[in-house]
There are 2 protein chains.
Amino acid sequence: MTTVLIADDQPLQRLGFRMLLESQDDMTVLGEANNGAEATRMTAELQPDVVLMDVRMPGLDGIEATRRIIASGARTRVLILTTFDLDEYAYSGLRAGASGFLVKDAQPEDLLSGIRAVATGDAVVAPSLTRRLLDAYVHHLPTAASAAAQTPDPRLDSLTDREREILTVIGKGWTNTEIATRLHLAESTVKTHVGRVLAKTGSRDRIQAVILAYDTKLVK
Amino acid sequence: MTTVLIADDQPLQRLGFRMLLESQDDMTVLGEANNGAEATRMTAELQPDVVLMDVRMPGLDGIEATRRIIASGARTRVLILTTFDLDEYAYSGLRAGASGFLVKDAQPEDLLSGIRAVATGDAVVAPSLTRRLLDAYVHHLPTAASAAAQTPDPRLDSLTDREREILTVIGKGWTNTEIATRLHLAESTVKTHVGRVLAKTGSRDRIQAVILAYDTKLVK
DNA sequence: GCCACGGTAGTACCGGGGTACTACCCCGCT
DNA sequence: AGCGGGGTAGTACCCCGGTACTACCGTGGC
């Protein structure tokens, strides 16, 4: 169950969000705040999984409230919602520690899946903004070569690409049957791959392989 | 009407996408390509709005095909779809000029809204990757995730000291018999402890527990 | 043309992991 | 004294993980 706090200064807007969220059987609205100060206080008290945060609010605005919530060390994730997808709002909001930035005219399903994503630690950005973020930052992305060089661990050298993939999903905790179904393989094939990965990496079982995957930063 | 080309080497996967897309009255599948070379050729010929591009394909892979399509100057947008949200794939795909990067186990609605977004010139990135992109390039302030990691993880709250100790050595990869001998316990006792740890933390097996131990910084 | 290698797939077998109980002891609390 | 929680220990059972093979097919190198 995902618990949500709604922070918006417009009562009608809050009502809309509450109706949408309460219609989902995996979400609960813990409360509503009508300004940033109240949002900060209620978050500390109610410890929701996610705060739906409006940017424009009287007194303490959503950006500053986000900053304070994150600074408090709470495990609550902040998803910023605004009418305007202005870059200034987005950049400062994300820099403040928000896990996401969506525009209010998004489809309800997009909002819901966004809430679920940030609740599990992922992040979401409105497509219109993603475009601009990519344009601005794509040139700073590491190349495939440097990404490969990022794992110079000799323990992984002998693995083929496929085996490295297998090791990655082992590290994610997938079972053999899960790997088989999700990768469209027979379980026997998965076992063959896994066996080779274990042999090549000197791991006695998949648990050692999970640890190896973490040590080599293949996962997380 | 949004026109789409599906590029994937798995016929069954293509069929699934086609079924999903054709069920929408604002989308049409112009064709299917089963490798990168074919995708490049068919894009030039059919000029679709969007290419759903798989990464792993025999011969010319999805990344290189994306690079060639973008380089050709076509107005076609490329949305990369892959089973793995590996950073290497994503970075190189986005650098190649893709308008989006989604994982195949996403919800169908998310895929559809993603297609609509890139068709209109916006961009989409899978939430799991967005998290890492934000962490790496948008802000250098503590994130919600790292802030949460500083405080004791609530998932471990219900554990007793002994159980937390057990979880730690599970995270180190010790087997039940190793735990028993090194901690001077009977193996049955170890199994009891392990069982309780798994139940309390909601882990289906010790592998999930290992991952949890790493996530909560209980080990390393 | 042939061979090596990577990826896929199959069968058969065994042991450890995990579950579902029950049970006993020690300690602190009321 | 009675009670509850934490730690310890046992038995019985089933399933998944891992091993040890064998085998087929493409692709690329020689």
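Chain naming here is simple, since letters A, B, ... match the order of the sequence lines and numbering starts at 1 in each.
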Student: Nearest heavy atom decides the nucleotide; on that basis, is A:Ala199 or B:Asp161 closer to the 5' end of DNA chain D?
Tutor: B:Asp161
Student: A:Arg164 has an atom CZ; how far is it from atom C1' of C:dG6, in whole Å?
Tutor: 13 Å
Student: If you take all heavy atoms of B:Ala65 and B:Gly36, which pair is closest and at what distance?
Tutor: CB-O, 3.7 Å
Student: For A:Asp122, enumerate each residue passing the salt bridge (Lys or Arg N to Asp or Glu O under 4.0 Å) test, keeping only those at least two apart in sequence or located in another chain.
Tutor: none
Student: Identify, with sequence neighbours excluded, every residue that meets side-chain contact (heavy atoms from CB on, under 4.5 Å) alongside A:Leu198.
Tutor: A:Val194, A:Ser203, A:Ala209
Student: With sequence neighbours excluded, tell me which residues meet salt bridge (Lys or Arg N to Asp or Glu O under 4.0 Å) with B:Asp9.
Tutor: none
Student: My understanding is that only residues two or more places apart in sequence, or in another chain, count here; which of them pass side-chain contact (heavy atoms from CB on, under 4.5 Å) with B:Arg196?
Tutor: B:Glu163, B:Thr192
Student: Counting side-chain heavy atoms from CB outward, which of D:dG7, C:dG7, D:dA9 is closest to B:Thr189?
Tutor: D:dA9
Student: If you look at every strand shown and take non-hydrogen atoms under 4.0 Å, does A:Thr160 touch a base, only sugar-phosphate, or nothing?
Tutor: sugar-phosphate
Student: Among side-chain atoms of B:Arg206 and B:Asn176, is any donor-acceptor pair under 3.5 angstrom?
Tutor: yes
Student: What pairs meet the salt bridge (charged side-chain N to carboxylate O under 4.0 Å, His left out) rule with one or both residues in residues 181-193 of chain B, with sequence neighbours excluded?
Tutor: B:Glu178-B:Arg182
Student: Using atom CD of A:Glu178 as one end and atom P of D:dC16 as the other, report the distance to the nearest whole Å.
Tutor: 12 Å
Student: My understanding is that only residues two or more places apart in sequence, or in another chain, count here; which of them pass side-chain contact (heavy atoms from CB on, under 4.5 Å) with B:Arg116?
Tutor: B:Gln24, B:Asp26, B:Met27, B:Leu112
Student: Quick one: which protein N/O atoms are closer than 3.5 Å to N/O atoms of nucleotides 15-18 of chain C? Pair and distance per line, please.
Tutor:
{"unit_1": "C:dG17", "atom_1": "N7", "unit_2": "B:Lys191", "atom_2": "NZ", "d": "3.4"}
{"unit_1": "C:dG18", "atom_1": "OP1", "unit_2": "B:Arg206", "atom_2": "N", "d": "2.6"}
{"unit_1": "C:dG18", "atom_1": "OP2", "unit_2": "B:Arg206", "atom_2": "NH1", "d": "2.6"}
{"unit_1": "C:dG18", "atom_1": "N7", "unit_2": "B:Lys191", "atom_2": "NZ", "d": "3.0"}
{"unit_1": "C:dG18", "atom_1": "O6", "unit_2": "B:Lys191", "atom_2": "NZ", "d": "2.9"}

Student: Any side-chain N or O of A:His193 under 4.0 Å from OP1/OP2 of C:dG7?
Tutor: no
Student: Between protein and nucleotides 21-30 of chain D, what N or O pairs are separated by less than 3.5 Å?
Tutor:
none

Student: With sequence neighbours excluded, tell me which residues meet salt bridge (Lys or Arg N to Asp or Glu O under 4.0 Å) with B:Asp25.
Tutor: none
Student: Let me know the distance between CD of B:Glu163 and P of D:dT8, rounded to the nearest Å.
Tutor: 10 Å
Student: What residues, two or more places apart in sequence or in another chain, satisfy salt bridge (Lys or Arg N to Asp or Glu O under 4.0 Å) together with A:Arg18?
Tutor: A:Glu22, A:Glu32
Student: Please give, in whole Å, the distance from D:dA9 P to B:Arg162 CZ?
Tutor: 9 Å
Student: Tell me every residue that passes side-chain contact (heavy atoms from CB on, under 4.5 Å) with B:Leu30, counting only those two or more places apart in sequence or in another chain.
Tutor: B:Thr3, B:Leu46, B:Pro48
Student: Let me test you: for the helix from C:dG1-D:dC30 to C:dT30-D:dA1, what is the angle between the axes at its two ends (five pairs each), rounded to 10 degrees?
Tutor: 40°
